[in-house]
Amino acid sequence: MKDDKIAVITGGAKGIGKCIADEFRKNEAVVYVIDKAEGDHFVGNISDKTVLERFASKVIKENGHIDFLINNALPNMKGIDECSYEEFQYAISVGVTAPFYLSKLFAPHFGNNGSIINISSSRDRMSQPQTESYTAAKGGIAALTHALAVSLAGKVRVNSISPGWIETDGMIYKGADAYQQPCGRVGKPLEIANMVLFLCSDKAGFITGENICIDGGMTKLMIYHGDNGWSMNDAKL
């Protein structure tokens, strides 16, 4: 990757987003991070339209173009019993509206072989109880992906990644927690970052509008009592 490549990452201060940012830097890209957490990056809440406009303006003013946009920032997770109208709206603003608006703001400024990667979740196809705000946002960004891919055809490739259980704090899980993934373990942030860099590369030049689920096979495994260390006693009904 050439050092004049410009990568923008939302929610890049920690977790998967930080790992993605670090990998772009290792590949000599110029990285811009926006996150609401304090730090050595653009600090701002991406649910705010004016924040998005100021951030995009800064990136373009300083570089004149962008190559990669990674929409990674996390929406909140609240369920139907407790989630207020405003909290649900906030989740959609962070998880769907901000990715849409940043894509719109940056669209005229993408260089050749530009790429947008939206970080969805395996929750775009499966759920736990009381996760409506997060799940709706992740389902929305997965659908937004193929819509943008068609609208930006010939200009920018747009794909999404749906991580499953990714451990961001270094914990090691054993037993049923591990074996509910056919790969036999929980995932690592680098495994998501590696796919981001691949999808942004020329090697993925014929891939657009796609959603790639990286979950160790978890969404493909049907679990019944006695399977893979799982017991009905483990279930919280």
Applying the 4.5 Å side-chain criterion to the ILVMFWY set and letting contacts propagate, would [X] and [Y] be lumped into a single cluster?
X    : Y    : value
L102 : L152 : yes
I92  : L74  : no
L105 : F55  : yes
L52  : I116 : yes
F198 : I212 : yes

Which atoms form the tightest heavy-atom contact between [X] and [Y], and what is the distance?
X    : Y    : answer
P99  : S93  : CD-O, 4.5 Å
I207 : R157 : O-NH1, 3.0 Å
I192 : P163 : CD1-CB, 3.7 Å
P182 : G216 : CD-O, 2.9 Å
I141 : I119 : CG2-O, 4.1 Å

Has the side chain of [X] got a donor or acceptor atom that lies under 3.5 Å from a matching backbone atom of [Y]?
X    : Y    : result
R54  : G44  : no
E62  : V59  : no
E167 : I172 : no
S84  : E87  : yes
N72  : T10  : yes
R123 : G139 : no
N27  : A29  : no
S47  : Y90  : no
S133 : A91  : no

Next item on the list: Could you tell me whether K26 and E23 have a side-chain N and a carboxylate O separated by less than 4.0 Å?
Entry: yes
Check: If you look only at pairs with a residue in residues 206-219, which of them pass as a side chain to side chain donor-acceptor pair (under 3.5 Å), with sequence neighbours excluded?
Finding: R125-N211, S160-N211, S162-N211, D215-T219
Report yes if the side chains of [X] and [Y] come closer than 4.5 Å at any heavy-atom pair, otherwise no.
X    : Y    : value
V33  : V31  : yes
K174 : D177 : no
W165 : Q181 : yes
F110 : K155 : no
T168 : K14  : no
H65  : I6   : yes
N113 : D202 : yes
V51  : E53  : no

Next item on the list: Run the numbers on I166 and K188 for side chain to side chain contact (heavy atoms under 4.5 Å, CB included), then give the verdict.
Entry: CA-CA 5 Å; I166 305 297; K188 303 172 184 178; 5.6 Å; no
Checklist line | Verdict with supporting geometry, K138 and E132, salt bridge (Lys or Arg N to Asp or Glu O under 4.0 Å) | finding: CA-CA 10 Å; K138 292 304 186 180; E132 278 76 13; over 6 Å; no
What is the distance from atom [atom1] of [X] to atom [atom2] of [Y], rounded to the nearest 0.5 Å?
X    : Y    : atom1 : atom2 : result
I20  : I9   : CD1   : CD1   : 6.0 Å
I214 : M195 : CD1   : CE    : 4.5 Å
F42  : D35  : CZ    : CG    : 12.0 Å
Y101 : N71  : OH    : CG    : 14.0 Å
Q128 : Y134 : CD    : OH    : 10.5 Å
S115 : I70  : OG    : CD1   : 6.5 Å

Next item on the list: Test L69 against S103 for side chain to side chain contact (heavy atoms under 4.5 Å, CB included), laying out the working first.
Entry: CA-CA 8 Å; L69 170 61; S103 298; 3.7 Å; yes
Margin query: side chain to side chain contact (heavy atoms under 4.5 Å, CB included) for V30 and D4? Distances and angles first, verdict last.
Written below: CA-CA 7 Å; V30 176; D4 62 346; over 6 Å; no
Item checked: Distance-only side-chain donor-acceptor flag, S127 / T131, under 3.5 Å -> no
Check: More than 12 non-hydrogen atoms from neighbouring residues, nucleotides or ligands closer than 6.0 Å to CD1 on I80, yes or no?
Finding: no
Check: Hey, do the aromatic rings of F24 and F68 have their centres closer than 6.0 Å?
Finding: yes
Item checked: Derivation and outcome, side chain to side chain contact (heavy atoms under 4.5 Å, CB included), residues Y32 and N63 -> CA-CA 11 Å; Y32 284 80; N63 301 279; 2.8 Å; yes
